[in-house]
Peer 1: 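Handing you this structure, nothing more for now.
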Amino acid sequence: MDARRKLAITRGIAGLTLLFFRPYHRMLSPMADSFYHPRPRVRFAPSPTGFLHVGSARTFIFNWLYARHHGGTMILRLDDTDVERNTQASLDSIFEGLKWLNLGWDEEYKQSERLELHRKIAWSIFEKGLAYRDFTPAHAGDAEKSGVQGTWLFHAGARELAREESDRRAAAGEPFALRFRVPRPAGPEAGETGVRGGPPPSPARDAAEGAVRFAPGKLCVHFTDAVYGEQVKATDDIEDFALLRSDGMPTYHLASCADDADLRISHVIRGQDHLTNTFKHVLIFEAAGFTPPQFAHLPLLVAPDGTKLSKRRHGPVVSVTTYRDAGFLPEALINFLCLLGWSPKNDREHMSLEELKDAFSLAGINRSNAVVNFKEASAGSLESASQAEVIPSTGAAGERKPLPAGTEIFDPKALWLNAEDIRGLAVEDLSARLLPIMRAAGYRVSPEKMLQITPLVRERIKLLRDVLTAADFFFVVQLPPYDPAELIPQKGDTAMALKVLQKAQTILSTVEFRHDPLDRALRAAAPELGVKTGQMFQPIRVAVCGRKNAPPLFETLVVLGRDTCMERVAQAMKTLERPWA
RNA sequence: GGCGCUAUCGUCUAGGGGUUAGGACGGAAGAUUCUCAAUCUUCAAACCCGGGUUCGAUUCCCGGUAGCGCUACCA
């Protein structure tokens, strides 16, 4: 931990003690304090403009963990103020993903149902003179901006427009956007709340003195991030951002802050892509008369190529439902995601939800982006990805249904964690999860048989879906064709294979079909034939399973039953005798 | 372009003014087993670069570089 970080934490503690000297009325006000939260209120606020990807899922998880760790409240808020881009499919994808994660939340809101509140707050800021109408048509700033060096600040003439003139044009029905009047150092602007000097920065000071302070020659906005520490930005680098669009809809910044204040959110835990937006948010909170919440920004999740996760570039590997459909256990995905950008700092990695909840703290969060080490999409899927661009998407948020086959596209650590969790499941539990997968693939399978097979595949699958390739031979009537050469044992030949299978046939026809008798009889046959045990077992295994790599032989034979085994051995002998047929 | 954030094995990370820089996944080798898997053992693998500060920097400071983010009437 570096000095800066230590400082921030120490200050947090100092702030806590400070609290007890606070006036009582301040403790009762809705946003009384940004650090003293016996019962924190946190929110996950996705906007339904795309499917739920793993980065969003991690944000949800961290918020949830923080709330549960401290006995607080988890809130789901749909930030759906961008009517143009919202889709029902995206909304469905978000709920589908969150439902599968199975963590739950305590309260739920939709921004589109709270527009009155947003507007009320926007106009209250306007009434204080801290916002103004901008009649410049939308996007007119682009041309102006392109040639300009540095940050674009505001449209010429808009900010200075007299109130009477502004009111007159608005009354005449001229469209306008409402912009925040970011305090500027030069000129007697209204609403400057800065103070000079004072104690060192801290959440306590941010709350007590206001975030806008004078520095030599400029005005600066301050806030203290629980992860990134003290943040300062000159107002000269913050443009007069919009609060209300010309259609009257609130912008993200306004709606988010208004709701965070109204819902008494104590901690805003979100992606680092909002770190620089936070200066604007702090400004809004202050202008509206609210104390800002405590902010904690999370390092971003990026693809192996270093770019941020996106469906278009990286395909379905970034969608939570892809993990579900591939046979991840939700607890494994959660565990994996927690390890990206956060560490319990004690070398523990495979952890239960309960353990994660106990161990979680904002102090364990890193500051650098983490790579989700999935394999880049193959040429084929890239093709379909570019097709998906031209064809208007109709599926769930544009997700492509066909799943990339196999386990090789996922981060190996996620797979390992999933395999660990699968092995940790009780046989009955695992079996119950495997059953619907087999059935969905068209196999007729009884719960009893599934229960018999589960222990045989448990240590051989990394994803639930792997059961389809690991256990298929238990269910098929006819084994899919395999290379007859597989039947020939190591350092053996066709003759040896035939000899073994012949012997096996006679043994299988009479022996009691239980593990121990089978083991004894078949093992004893090897020396009789003058072959090694391995040479004895391989042809039989391949004959009944249709492949070299399979679960232990005797257990497999028992599950398959005498008839199927006999039939398959006979079949194998036939193909060996007539390999060309 | 402006502003901001970040930089330890391939990946996720621990650590920190003096260490054999630790763990995990993945990789390699071996043990074990009827194959595979699981399990166990072992091995390879990292402090972005340049300046300072210091007896001593991978760690602290500055600069560079690179990556990422923001710079919308998107979120």
Peer 1: Look through every strand shown and name the nucleotide pairing with B:rU39 as Watson-Crick or G-U wobble, where both distances are under 3.5 Å.
Peer 2: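 Looking at the geometry, B:rU39 pairs with B:rA31.
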Peer 1: Tell me the partner of B:rC47, counting only Watson-Crick (N1-N3 plus N6-O4 or O6-N4) or G-U wobble (N1-O2 and O6-N3) with both under 3.5 Å; none if nothing fits.
Peer 2: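 Pairing partner, where one exists within any strand: none, as none qualifies.
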Peer 1: For A:D421, check salt bridge (Lys or Arg N to Asp or Glu O under 4.0 Å) against everything at least two apart and list the hits.
Peer 2: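 Partners of A:D421 by the salt bridge (Lys or Arg N to Asp or Glu O under 4.0 Å) criterion come out as none, since no residue qualifies.
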Peer 1: With a 4.0 Å cut-off, would you call A:D472 and A:R547 a salt bridge?
Peer 2: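 Between A:R547 and A:D472 there is a salt bridge, with a charged N closer than 4.0 Å to a carboxylate O.
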Peer 1: Are any of the side-chain nitrogens in A:K413 or A:E349 under 4.0 Å away from the carboxylate oxygens of its partner?
Peer 2: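 Here A:K413 pairs with A:E349 in a salt bridge, since their nearest N and O are under 4.0 Å apart.
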Peer 1: Identify the nucleotide, in any strand shown, that forms a Watson-Crick or G-U wobble pair with B:rC70, with both distances under 3.5 Å; if there is none, say none.
Peer 2: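 Pairing partner: B:rG2.
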Peer 1: Test of understanding: with side chain to side chain donor-acceptor pair (under 3.5 Å), list the residues that count as partners of A:Q538, not counting sequence neighbours.
Peer 2: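 Here no residue qualifies.
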Peer 1: Please list, chain by chain and in numerical order, all residues satisfying ring pair (Phe, Tyr, Trp, His ring centres under 6.0 Å) with A:F279, sequence neighbours excluded.
Peer 2: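 Testing A:F279 for ring pair (Phe, Tyr, Trp, His ring centres under 6.0 Å), a comparison that skips the adjacent residues, returns A:F223.
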Peer 1: For B:rA38, does OP1 or OP2 lie under 4.0 Å from any side-chain N or O of A:R458?
Peer 2: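 False: A:R458 side-chain N/O out of range (4.0 Å or more) of B:rA38 OP1/OP2.
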Peer 1: Taking any heavy-atom pair under 4.0 Å as a contact, classify A:R423: base, sugar-phosphate, or nothing.
Peer 2: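 Since only primed, P, OP1 and OP2 atoms lie under 4.0 Å of A:R423, the category is sugar-phosphate.
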Peer 1: Which base, if any, makes a Watson-Crick or G-U wobble pair with B:rA7, both distances under 3.5 Å?
Peer 2: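 Because both required distances fall under 3.5 Å, B:rA7 counts as paired with B:rU65.
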Peer 1: Restricting both atoms to N or O, compile the protein contacts to nucleotides 62-69 of chain B shorter than 3.5 Å, with distance only.
Peer 2:
unit_1: B:rC68; atom_1: O2'; unit_2: A:N369; atom_2: OD1; d: 3.2
unit_1: B:rG69; atom_1: O2'; unit_2: A:D273; atom_2: O; d: 3.3

Peer 1: Watson-Crick or G-U wobble partner for B:rC60, using a 3.5 Å limit on both distances?
Peer 2: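 Across all strands, the one nucleotide that pairs with B:rC60 is B:rG52.
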Peer 1: Quick one: do the A:S368 and A:N366 side chains pair a donor with an acceptor below 3.5 Å?
Peer 2: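 No pair is found: no donor N or O on one side chain lies under 3.5 Å from an acceptor on the other.
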Peer 1: According to ring pair (Phe, Tyr, Trp, His ring centres under 6.0 Å), who are the partners of A:H515, at least two apart in sequence or on a separate chain?
Peer 2: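 Testing A:H515 for ring pair (Phe, Tyr, Trp, His ring centres under 6.0 Å), a comparison that skips the adjacent residues, returns A:F554.
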Peer 1: Identify whether any heavy atom of A:S343 sits under 4.0 Å from a base atom; if not, whether one sits that close to sugar-phosphate; answer base, sugar-phosphate or nothing.
Peer 2: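 If one applies the 4.0 Å heavy-atom cut-off, A:S343 turns out to touch the sugar-phosphate alone, with no base involved.
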Peer 1: Kindly say whether, by distance alone, the side chain of A:S246 makes a donor-acceptor pair under 3.5 Å with the base of B:rC73?
Peer 2: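 Indeed there is one.
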Peer 1: List in chain and number order the residues that pass ring pair (Phe, Tyr, Trp, His ring centres under 6.0 Å) with A:Y323, two or more places apart in sequence or in another chain; answer none if no residue qualifies.
Peer 2: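 Partners of A:Y323 under the ring pair (Phe, Tyr, Trp, His ring centres under 6.0 Å) test: A:F328, A:F410.
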Peer 1: A:K503: what forms a salt bridge (Lys or Arg N to Asp or Glu O under 4.0 Å) with it, not counting sequence neighbours?
Peer 2: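 Once residues adjacent in sequence are excluded, the partners of A:K503 under the salt bridge (Lys or Arg N to Asp or Glu O under 4.0 Å) criterion are A:E528.
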Peer 1: Now, which nucleotide makes the Watson-Crick or G-U wobble pair with B:rA21, with each of the two distances under 3.5 Å?
Peer 2: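 Its partner is none (no Watson-Crick or G-U wobble pair with both distances under 3.5 Å).
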Peer 1: OP1, OP2 of B:rA14 versus side-chain N and O of A:N366: anything below 4.0 Å?
Peer 2: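 The answer is yes; a side-chain N or O of A:N366 sits under 4.0 Å from OP1 or OP2.
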Peer 1: If you look at every strand shown and take non-hydrogen atoms under 4.0 Å, does A:P46 touch a base, only sugar-phosphate, or nothing?
Peer 2: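 No contact at all - A:P46 keeps every heavy atom at 4.0 Å or more from the nucleic acid.
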Peer 1: Using a cutoff of under 3.5 Å, can you pull out all pairs of nitrogen or oxygen atoms linking the protein to nucleotides 23-30 of chain B, with atom names and distances?
Peer 2:
unit_1: B:rG23; atom_1: N2; unit_2: A:E349; atom_2: OE2; d: 2.9
unit_1: B:rA24; atom_1: O2'; unit_2: A:E349; atom_2: OE1; d: 2.5
unit_1: B:rA24; atom_1: N3; unit_2: A:K413; atom_2: NZ; d: 2.7
unit_1: B:rC25; atom_1: O2'; unit_2: A:P412; atom_2: O; d: 3.4
unit_1: B:rC25; atom_1: O2'; unit_2: A:K413; atom_2: N; d: 3.2

Peer 1: Out of B:rA14, B:rG4, B:rC12, which nucleotide sits closest to the side chain of A:L340?
Peer 2: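 Of all the options, the side chain of A:L340 is nearest to B:rC12.
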Peer 1: If you check the A:E420 side chain, which of B:rA75, B:rU39, B:rC12 turns out closest?
Peer 2: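 Nearest listed nucleotide: B:rU39.
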Peer 1: Within the 4.0 Å heavy-atom criterion, would you say A:D79 contacts the bases, only the backbone, or no part of the nucleic acid?
Peer 2: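 Counting heavy atoms under 4.0 Å across all strands, the contact made by A:D79 is with sugar-phosphate only.
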Peer 1: Below the 4.0 Å mark, does B:rU6 have OP1 or OP2 next to a side-chain nitrogen or oxygen of A:R367?
Peer 2: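 Looking at the OP1 and OP2 atoms of B:rU6, one of them is under 4.0 Å from a side-chain N or O of A:R367.
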Peer 1: Mind checking what makes ring pair (Phe, Tyr, Trp, His ring centres under 6.0 Å) contact with A:F241, not counting sequence neighbours?
Peer 2: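 Checked A:F241 against ring pair (Phe, Tyr, Trp, His ring centres under 6.0 Å); matches are A:F180, A:H253.
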Peer 1: So, is A:K345 close to the B:rG15 phosphate, meaning a side-chain N or O under 4.0 Å from OP1 or OP2?
Peer 2: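 Affirmative; the distance criterion is met.
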